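Below is one structure, written out as structure tokens; comments come after it.
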Amino acid sequence: MPSYISSFRVLPHGWRSLVLAAVVASGFLGGFELFWRHYGFVPTLTDSDSLWCEARASVAHDSLVILGSSRLQTGLDPIELSRALGGRSVVQLALAGANPVPALLDLAADTRFGGVVLLEYMPRRLFTSDVGAAGRTQAFVTACHNPSVVAPIEARLARVAEQHLTLLDAELQIVALLSYVAHHRALPHASHDQLRGDRYSLMSFPEGEHVVTARDVWDPPFTGAALEARFGELRAAIASIAARGGKVILYRSPVSGEVLADEEARFPSAIWFPRAARELGASSIDYAALPGARTLDLPDGEHPRSRDVAEVTATVGRALQPLLR
Amino acid sequence: MVFNSLVFLPFFAVVAAFHHSNASWTSKKVVLLIASYAFYGAWNPPFLLLLWASTVLDYYCALAMERSSTSRARKVFMGLSLVGNLGMLGYFKYGHFIAENVSHALRAVGVEWTAPGFDLLLPVGISFYTFHTLSYTLDVYRREIAARRSILDFAVAVSFFPQLVAGPIMRASAFLPQLDHEKRGSSAQWSNGLTLFIIGLFQKMVLADGILAPMVDVAYQPDGTHSFVDAWLGTFAFSGQIFFDFAGYSLCALGVARCLGFELVDNFRQPYAAIGFSDFWRRWHISLSTWLRDYLYIPLGGNRGSPRRTEINLMLTMLIGGLWHGASWSFVVWGGLHGAYLVIERRVRGTRPTESSGATALVAILLTYLLTCFTWVFFRASDFTTAWQMMSAMVGFGTQMPGQVSSSVRAALCAIVVLAMIIGHIRMRGTHVEDVLVKMSPTTRGVMLGLMLIAIAISGGGQRAFIYFQF
């Protein structure tokens with residue numbers, strides 16, 4: 001055999017080491033799992049591109065599709081919304097930390113889709129370049145268009161593991177855990193976030209918790225020609241969907257505290273929300289202005305507690321009904 | 001399919017079970033071939049057509065070369081193999097790049113021509129298997145090996161799944177003889193192979209993907225703000241990410257192949273402990289650098305001509321090596337810089353050997369590492385603008401804004417990992433990973449592997465593709 005071929009060295013007691021490794025690993029991981037379960041964590045799914053693609057593939061011609069960021073992923077329950085809309089198919093495509101525009105463009109280009117898009121109105125997503133967040137959505141869209149043959153099998157296996165093991169929770173992954181502990185000098189709160197198979201994310205903040213999440217870094221807002229170009233891009237997408245019998249509805253979800261103050265300072269909603277609806281020719285729903293909507297306790301200013309979501313969803317469902325007729 | 005996926009486990013279990021059954025060697029090779037095609041086709045089945053085309057073309061070209069009585073006929077068949085393989089590679093990998101550059105060049109002389117759209121997916125691993133199959137026809141052409149009569153053997157050699165998509169680039173002369181007699185992993189090979197597989201997965205999933213990659217992604221964001229510390233930290237992190245990603249893949253490949261009774265070539269030998277760049281290329285992606293040396297640099301004349309000619313040969317080899325990595329000028333610049341380093345090193349040092357010791361060696365190692373990192377910027381940045389921003393920041397002309405990445409726990413972890421990597425490379429400079437494993441007590445090794453398994457399970461590394469898959 002040529003000299004540059006890797007020469008195989010016999011590891012003394014190689015199997016003994018591997019058995020010991022298995023014992024050490026299974027002992028620690030078993031304890032780790034039990035500890036976090038005891039602490040209150042429960043298994044949750046990971047919001048992967050494969051889960052998103054599965055939801056995207058389930059979009060039917062007349063589905064109602066929720067597009068937005070974590071505000072809508074945690075703020076609207078697809079099951080409740082479907083119930084409120086008389087059993088209509090509702091698909092949750094909102095994605096935490098992501099910009100909905102690439103997903104809207106993808107739906108607009110999908111000639112099989114002629115349903116309704118409930119598009120989150122979040123000015124920092126719609127009216128800034130928002131490169132990173134848009135890139136995240138675009139990566140998911142691209143993954144759906146170029147699926148590998150084994151991706152669905154892999155996704156199914158991963159889901160089975162995630163449904164049964166708390167230790168696979170993203171919050172308990174090694175870097176996230178160390179970061180949290182270093183930052184807060186405490187262990188992460190139990191079950192902060194639990195993702196369901198339909199991609200609805202349940203946020204259960206501990207009682208009394210209020211955190212400030214106002215962003216101090218914003219991408220520069222579009223102005224002039226760039227803003228007009230964005231309006232034009234969105235208008236064209238909405239027109240494509242409308243041409244197939246569908247429609248796009250802008251939805252402004254509940255926001256409060258410093259997050260609201262921050263947004264109002266940059267994009268006053270009294271001006272920008274009606275302007276966006278007018279420029280895009282879209283119907284709109286502002287949760288805060290809906291009849292029956294009460295002021296919600298939003299612990300971080302933008303995500304409702306999961307116990308409030310059914311009520312929020314039902315309120316939005318009632319507001320949607322006349323717009324869908 | 002990738003090694004760091006759940007679906008690989010049942011796949012490998014089935015393949016290994018059949019491979020260790022009492023079936024005939026021929027039927028085992030058939031199953032290996034089917035498994036390799038399934039492994040590759042799992043990305044995109046139509047890409048298998050290219051793999052088959054390359055296999056069939058080189059199989060018949062090699063046979064025809066061997067049967068040819070004239071040198072001219074041998075050249076024709078060798079040319080056919082080169083045109084066929086490099087043509088496919090050129091069309092799928094460089095088509096868009098070439099058309100775009102021709103379009104730019106024509107525009108520069110006043111001719112308006114728009115390049116046709118090349119909306120093609122790059123077949124995974126095409127650069128690897130193209131070089132792999134070319135080594136076969138080139139060796140047959142040079143009468144260094146005999147053409148294989150069995151197309152089954154040749155097809156298995158081309159497509160052997162552990163090394164198909166990201167190497168190591170196996171020479172036909174090194175792999176084909178391994179198919180002559182039945183292979184099955186011995187107990188020692190299995191324990192050794194699984195050990196390497198765990199270490200490889202740890203390097204990939206925990207160090208490269210879990211700790212370093214997110215930091216690199218932030219640091220290298222296009223149009224991002226780059227401070228001095230962020231730019232260096234991001235680049236140091238990338239030096240670790242690309243090493244652990246690729247070396248991790250190579251270890252997994254080595255381990256999986258070994259479990260089946262096969263041996264592959266070593267691809268890395270503590271590259272960040274290199275003293276100078278000729279030493280670096282003897283330690284980094286060894287299977288590619290030796291391929292380029294044997295099939296490009298030496299046929300160009302190597303160091304047999306004048307010093308000027310040798311330098312031209314070096315530059316050409318490194319420029320082509322850079323372009324091999326991707327259809328982009330940034331890869332050409334990356335290769336060109338490495339070529340320039342080699343030329344300068346050659347002028348400074350002449351033909352004296354690289355070895356030195358003590359403080360001089362340490363300084364040389366650190367200097368080589370820093371220059372390597374500086375050059376990685378072109379490899380990682382998505383465009384020249386980002387590369388320029390990063391390099392400006394690295395020499396002190398970056399933003400004065402507080403760093404986006406340098407103040408996090410992840411930054412501290414990255415610094416620890418990179419520092420440990422460099423110290424590890426220096427300490428193990430003259431040895432091999434397996435030598436270190438052999439010297440460890442079974443208990444220490446077992447605990448280390450156990451900790452690695454734990455980290456893999458809770459790394460959050462996910463299934464990020466291996467960086468070298470895109471090549």
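Below, chains carry the letters A, B, ... as their sequence lines are ordered, and counting in each starts from 1. On a predicted model such as this, the values are computed, not experimentally measured, just so you know.
A:Leu18 places a side-chain heavy atom less than 4.5 Å from the side chain of B:Ile198. Using a 4.5 Å heavy-atom threshold, the side chains of B:Asn192 and A:Val10 count as separate. Between B:Pro442 and A:Leu20, every side-chain heavy-atom pair lies at or beyond the 4.5 Å cut-off.
Applying the disulfide bond (SG atoms under 2.5 Å apart) test to every pair with at least one member in residues 148-177 of chain A, sequence neighbours left out, gives no pairs at all.
Heavy-atom distances place the side chain of A:Ile153, and not its backbone, under 4.5 Å from chain B. Using a 4.5 Å cut-off between heavy atoms, A:Leu168 contacts chain B through its side chain alone, with no backbone atom that close. Heavy-atom distances place no part of B:Thr290 under 4.5 Å from chain A, backbone and side chain included.
The line from CZ of A:Phe28 to CD1 of B:Ile458 is 5.0 Å long, rounded to the nearest 0.5 Å.
Most heavy-atom pairs under 4.5 Å with chain B: of the set A:Leu178, A:Leu165, A:Leu167, A:Val149, this distinction falls to A:Val149. Between chain B and the residues A:Val175, A:Val19, A:Val24, the largest count of heavy-atom pairs under 4.5 Å involves A:Val175. Ranked by non-hydrogen atom pairs under 4.5 Å with chain B, the options A:Gly27, A:Gly14, A:Ser17, A:Ala161 are led by A:Ser17.
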Does the side-chain contact (heavy atoms from CB on, under 4.5 Å) test come out yes or no for B:Leu453 and A:Leu29, once each step is laid out? CA-CA 9 Å; B:Leu453 285 172; A:Leu29 292 173; 5.9 Å; no
Check the pair B:Phe39 / A:Val150 against side-chain contact (heavy atoms from CB on, under 4.5 Å), numbers first and verdict last. CA-CA 9 Å; B:Phe39 184 88; A:Val150 289; over 6 Å; no
